Amino acid sequence: MKILVPVKRVVDYNVKVRVKGDGTGVDIANVKMSMNPFDEIAIEEAVRLKEAGIATEIIAVSAGVAGCQETLRTAMAIGADRGILIETDIELQPLAVAKLLKAVCEKEQPQLVLCGKQAIDDDANQTGQMLAALMGWPQATFASKVIIAGGMATVTREVDGGLETIEIALPAVVSADLRLNEPRYATLPNIMKAKKKPLDVISPATLDVDVTPRLKTLKVAEPAKRSAGVKVANVADLVARLKNEAKVI
Ligand code: AMP
């Protein structure tokens, strides 16, 4: 079974992002970029399925600027067998990425696409769902457990009320949630080995996909600053303030 894992290059989760002065977006010049954390979890799950003898090949795919090669090498250091970079300088929106992934799925014929539940930069939570719709495949989002057997995937999903377990037929799209696993660290020997693994670079035009943005960002702004808190003298003071100032009791 072939597994395709889409991996996105995003601003590292430890970076405190700054909004550009003109409000057109966030400043990513000289900022540390890393693999989207949920995609790391997706890669880890694919590697575990390969180690269990269920998957035979793991293909990591990234769409974006040339720097995404680094993200693909990280995926290969964790255990992906090869990488595909769909290189473009155009800012990609989820629908464009889903169309690109559809074209790759048609070529590679994976049985499973294991993506992240959302990218931590745009927080869209759309790409996997759009891909499943475009392919006409079943989907199981927010997975915290995945069991593959007999051409089916049994997926436990994190939903508002707790956990939901569903069974879907393969090929399918599954998106990884935080509790699915704890990704391993890439070891130095594996980082070195990953440098020699195959990495194809193609363009959206090769896949015959138009990636022109459909949505326009009107304005990006910093969240409002939190005002300073106050120390209360005792419980009676707290209750009085909640009653008279905050008016919540
Ligand atoms: P989003 O819909 O943007 O929140 O992203 C959900 C998931 O889709 C991510 O966790 C990735 O697995 C995948 N994805 C989104 N954008 C890209 C991209 N440019 N390249 C590769 N995978 C992507």
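Everything numeric here is computed off the predicted structure, so don't read it as measured data. In what follows, every heavy atom counts, from backbone to side chain, and hydrogens, waters and symmetry copies are set aside. As the structure lists them, so they are numbered: ligands from 1, and atoms in each ligand from 1.
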Is there a donor-acceptor contact under 3.5 Å from the side chain of Asp237 to the main chain of Ala233?
yes

Flag, side chain of Asn36 to backbone of Gln118, donor-acceptor distance under 3.5 Å:
yes

Residue by residue, ordered by chain and number, which ones reach under 4.0 Å of ligand 1 with a heavy atom?
Pro6, Val7, Lys8, Asn36, Asp39, Val61, Ser62, Ala63, Val97, Cys115, Gly116, Gln118, Ala119, Asp122, Ala124, Asn125, Gln126, Thr127

Looking just at side-chain N and O atoms, do Thr71 and Thr74 make a donor-acceptor pair shorter than 3.5 Å?
no

Would you name the heavy atoms of Met1 and Leu170 that are closest together and state the gap between them?
SD-CD1, 4.0 Å

So which heavy atom on Ala46 is nearest to which on Leu114, and how close?
N-CD1, 3.8 Å

My understanding is that only one of Val155, Thr141, Thr127 makes a side chain to side chain contact (heavy atoms under 4.5 Å, CB included) with Ser175; could you say which?
Thr141

